[in-house]
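Okay, so here's the structure we're looking at.
Only heavy atoms go into these numbers, but all of them, side chains included; no hydrogens, no water, no symmetry mates. Counting from 1, the numbers follow the sequence of the chain as shown. Source: prediction; values computed, not measured.
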Amino acid sequence: MGALQGAGTSAMVDHHNLLLTAIGDEKIARESKIYTYRKSFNGFVARLLPHEVQSLSAEKRVVSVFPNTMRKLHTTRTWDFLGMSETLSRVNAQRESDIIVGLLDSGIWAEAPSFNDTGYGPVPIKWRGKCVNFTGCNRKVVGAKYFNLEQSFSDQDTPSPVDDEGHGTHTSSTVAGVFVKDASLYGLGTGTARGGVPSARIAMYKVCWVDGCSDSDILAAFDEAIADGVDLISASIGGPSRSLFEDPIAIGSFHAMKKGILTSCSAGNDGPATSTVENVAPWIMTVAASGIDRQYRTVATLGSGEHFSGISINTFSPQKIMYPLTSGALAANVSEHYGNASACDWGTLDQNKVMGKIVYCLGSNGQDYTIKRSGGAGAIMTLEEDTDTAYSTVIPGTSIFPRDSKMIEQYINSTKNPQAVIQKTITINVSAPFVASFSSRGPQIISLNILKPDISAPGVDILATYSTLPTTTGYPNDDRHTVFNIISGTSMACPHASAAAVYVKSFHPDWSPAAVKSALMTTATPMKIIDADAELGSGSGQINPTQAVNPGLIYDISTSDYISFLCKEGYNHTVIGLIVGGIENIDCTKFKPAQGTDGLNYPTMHTQLDSNSTSISATFYRTVTNVGYATSVYTSKVTSPRGLLVKVIPETLKFSKLNENQSFTVEVKGSLEPFGAKLLSALLEWSDSKHNVKNHIVILRPLAD
């Protein structure tokens with residue numbers, strides 16, 4: 001159970017007194033406390049009974065008390081695709097080298113070639129972090145700590161910053177791995193692996209273990225990272241959305257923002273369902289996953305000569321021209337009455353009927369693992385719907401698209417001795433960028449007038465460095481351990497956006513977190529949008545780091561702006577004051593009132609209507625700062641659909657110097673069809689002929705409950 005409170009007397013004494021009041025017993029109160037946060041914010045972790053939680057929550061000085069839930073973890077080609085080639089001129093390489101990226105993740109395998117520190121100068125003198133129970137630190141990996149406050153280690157957990165899972169190593173190298181030539185996964189994705197900012201330094205804060213990532217550990221890591229002096233925090237972690245002041249990532253990132261540190265987070269992997277986006281605090285950069293122009297395909301060839309192109313990461317080359325082929329239905333264990341043999345469920349297959357054969361299974365959910373344990377030679381699995389994401393198989397395997405499954409089944413059932421062979425995976429070119437099918441979609445359910453996710457970045461089939469401790473697939477019966485691996489998720493998208501933010505920061509070290517995020521959002525590349533759900537998952541588009549360095553105009557947001565926004569959102573003034581920094585009570589009337597529909601100077605404009613509403617009427621007030629040419633004139637252009645009228649006042653902005661601010665108003669009016677869900681989107685562009693500042697406008701009416 002975590003409790004956040006305001007400043008006051010000595011934190012240790014104050015926390016004990018609060019617990020004593022809530023529990024009523026000196027000894028139990030002392031033993032109940034697990035951890036004290038005291039570096040960057042004030043709070044503690046303790047074991048409490050329900051009535052003690054109520055008592056503690058009633059204390060005036062306590063901001064919030066929330067349960068310690070578990071959260072989950074959410075390259076060679078991607079940086080070229082984003083316009084950051086190996087030969088990209090890095091005029092600020094020294095400044096990039098002074099930037100330290102803090103990652104909250106599963107640890108790091110520092111022995112990997114991506115973290116070689118050859119050529120690096122001394123660690124920046126501002127750095128206050130260190131390495132704890134870890135020998136892998138150098139001038140590249142400058143810090144490594146681990147957090148398991150309840151000391152609940154499993155047999156598979158190493159109590160150190162060492163990466164037992166591979167996830168943290170993958171994200172770290174995506175952000176800032178050095179150049180490694182001839183990187184691949186058994187010949188797949190071959191090229192030069194590197195991070196987006198290869199000169200930057202890395203600090204790992206291990207918060208994720210086999211059982212997940214606990215709230216208390218995450219908050220402790222934020223506390224340490226801020227105090228250590230990181231310049232950006234990248235957290236590919238998520239969980240169900242809840243009130244901003246009961247969310248450790250929202251709380252930690254708010255305190256980071258106050259110190260000028262941007263927090264970049266993954267949006268979640270629960271797409272294509274809507275209202276699934278996570279990490280939605282407006283001071284967080286929420287990153288969706290997009291696909292690049294390379295896709296991995298695996299061909300299955302039948303004895304009849306027919307070829308079927310499926311999707312998977314299959315590193316195995318066939319050792320025979322053909323293998324015997326059967327199906328789960330034909331290989332059923334007749335004595336087993338539980339499970340679905342057609343889907344190759346565990347325990348439903350007769351090992352004698354599977355041994356040495358390729359097995360055709362309905363469904364695509366780890367059947368390759370089952371087939372291998374039964375002695376099979378390969379697995380042809382069937383997708384329930386088309387997908388854009390490939391996953392590694394533990395034996396030769398491919399997932400066939402729905403349109404082809406019936407033909408394979410018919411061949412098996414009509415042929416006396418059916419045969420097949422599964423080829424090693426190849427790559428094909430596809431149209432991109434597009435929103436990944438698994439990437440969580442909006443609208444968000446916390447702050448209804450802030451569009452989330454913010455931006456998209458590559459997260460599909462990303463090759464990056466991996467820990468050699470876990471197997472390639474994570475399955476215990478996989479005997480492969482690899483230095484590089486190909487995995488997918490918004491966890492992979494997040495470090496791409498983090499690196500892009502660092503790249504921008506290396507050119508503009510004085511920019512605020514909001515300014516850096518604004519630059520990335522307003523210069524993003526438009527996405528391939530097929531339906532409304534995808535539009536709710538793409539944010540402002542795919543990151544375009546080289547363009548973001550020179551955005552022309554930025555939308556800045558200060559701490560006081562966020563306070564005004566929170567006041568407008570209806571948060572308790574005591575809660576706001578305490579979380580902002582130990583202020584016992586904040587008077588919202590003394591802050592400039594948040595104006596307009598959303599109340600924040602956000603780069604996108606969004607509102608969710610009542611489910612029964614057909615009328616649209618929204619007003620957005622914005623202020624932009626000139627960071628382009630000193631003397632410049634920006635003209636507005638609106639592209640909007642039928643039924644949506646967007647008026648910009650004034651239509652022209654004139655600047656006479658750098659860092660000058662100009663304000664404008666956007667009025668949105670229109671109407672929606674009376675039945676069903678509806679989304680209307682428009683685009684406002686400010687242009688001075690050299691810069692094109694894009695602002696997405698999304699109006700949504702959700703379905704009625």
Side-chain angles (χ1 to χ4, degrees), residues 274 277 280 282 285-286 288 435 441-444 447-456 514 517-529 531-542 551-555 557 565 568 594-610 613-624 634-653 662-673 677-687 691-702:
T274 57
V277 63
V280 297
M285 181 166 69
T286 310
V435 183
R441 268 63 165 169
Q444 63 154 304
S447 301
L448 302 185
N449 295 319
I450 301 296
L451 185 65
K452 290 284 183 171
D454 292 309
I455 202 156
S456 302
K517 184 168 79 167
S518 169
L520 289 167
M521 292 173 68
T522 61
T523 59
T525 302
M527 300 284 285
K528 179 183 178 183
I529 302 297
D531 52 38
D533 289 353
E535 185 147 13
L536 289 169
S538 62
S540 296
Q542 181 169 269
L553 304 174
I554 55 171
Y555 293 81
I557 306 174
F565 166 80
K568 179 181 172 65
Q595 293 183 304
T597 298
D598 55 358
L600 203 58
N601 195 38
Y602 220 67
T604 53
M605 302 170 201
H606 174 59
T607 189
Q608 294 183 46
L609 306 179
D610 183 87
S613 177
T614 59
S615 177
I616 301 169
S617 181
T619 303
F620 303 94
Y621 296 95
R622 294 292 187 267
T623 298
V624 288
Y634 284 82
T635 303
S636 63
K637 174 187 174 184
V638 174
T639 305
S640 61
R642 186 177 178 182
L644 194 66
L645 177 64
V646 179
K647 185 177 182 181
V648 183
I649 307 169
E651 296 180 341
T652 301
L653 300 176
Q662 292 286 355
S663 298
F664 64 94
T665 303
V666 177
E667 295 179 352
V668 182
K669 297 185 181 299
S671 60
L672 294 169
E673 297 295 330
K678 188 68 175 180
L679 180 146
L680 292 175
S681 63
L683 181 66
L684 165 62
E685 298 173 270
W686 289 102
S687 178
H691 304 94
N692 190 34
V693 185
K694 298 184 286 293
N695 309 268
H696 292 261
I697 303 170
V698 177
I699 310 297
L700 175 71
R701 181 187 62 206

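Contacts of T652 classified as side-chain contact (heavy atoms from CB on, under 4.5 Å), with partners at least two apart in sequence or in another chain: V633, T635, K654. With sequence neighbours excluded, no residue satisfies side-chain contact (heavy atoms from CB on, under 4.5 Å) with P526. With sequence neighbours left out, the side chain to side chain donor-acceptor pair (under 3.5 Å) criterion links Y555 to N695. Partners of T623 by side chain to side chain donor-acceptor pair (under 3.5 Å), not counting sequence neighbours, listed by chain and number: S663. H696 meets the side-chain contact (heavy atoms from CB on, under 4.5 Å) test with S540, T604, L683; sequence neighbours excluded. With sequence neighbours left out, the side chain to side chain donor-acceptor pair (under 3.5 Å) criterion links E685 to N692. Remark: T597 pairs with N449, T607, A618, F620 by the side-chain contact (heavy atoms from CB on, under 4.5 Å) rule, at least two apart or across chains. Looking at residues two or more places apart in sequence or on another chain, you find a side chain to side chain donor-acceptor pair (under 3.5 Å) between S681 and E535.
With contacts defined as side-chain heavy-atom distances shorter than 4.5 Å, the pair W686/V648 qualifies. With a 4.5 Å cut-off on side-chain heavy atoms, Q444 and T286 do not count as touching. Proximity of V624 to L653: side-chain heavy atoms (C-beta onward) are separated by under 4.5 Å at one or more points. Using a 4.5 Å heavy-atom cutoff, the side chains of I649 and E667 are in contact. In this structure the side chain of T522 never reaches within 4.5 angstrom of the side chain of L553, judged on heavy atoms. Under the 4.5 Å side-chain criterion, counting only non-hydrogen atoms from C-beta, F664 is not in contact with E651. Side-chain contact between I450 and V280 is absent, with no heavy-atom pair separated by less than 4.5 Å. Taking 4.5 Å as the limit, some side-chain heavy atom of S447 sits within range of a side-chain heavy atom of F565.
Here the closest non-hydrogen pair linking L700 and P443 is CD2-CG, 3.3 Å. Scanning all heavy atoms of the two residues, the minimum distance from K694 to A524 falls at CE-O, 2.9 Å. Here the shortest heavy-atom pairing between G537 and V435 reads O-CG1, 4.0 Å. Between M527 and G541, the closest heavy-atom pair is CG-CA, 3.6 Å. The minimum heavy-atom distance linking G599 with A594 is given by the pair O-CB, 3.3 Å. Nearest heavy atom pair, residue R701 against residue S613, reads NH1-O, 2.7 Å.
Rounding to the nearest 0.5 Å gives a distance of 7.5 Å between CG of L451 and CG of L536. The OG1 atom of T523 sits 12.0 Å away from the CD1 atom of I554 when rounded to the nearest 0.5 Å. Between the CD1 atom in I455 and the CE atom in M521 there is a gap of 6.5 Å [rounded to 0.5 Å]. Atom CD of residue Q608 and atom CD1 of residue I699 lie 10.5 Å apart, to the nearest 0.5 angstrom.
Within the 3.5 Å criterion, the main-chain N or O of R441 finds no donor-acceptor partner in the side chain of T274. R622 contributes a side-chain N or O that, together with a main-chain N or O of L600, makes up a donor-acceptor pair within less than 3.5 Å.
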For the pair I557 and K517, evaluate side-chain contact (heavy atoms from CB on, under 4.5 Å) and give the outcome as yes or no after the intermediate values. CA-CA 10 Å; I557 306 174; K517 184 168 79 167; over 6 Å; no
Check: residues 639-647 side-chain donor-acceptor pairs under 3.5 Å, at least two apart:
{"residue": "S640", "atom": "OG", "partner": "L644", "partner atom": "O", "Å": "3.2"}

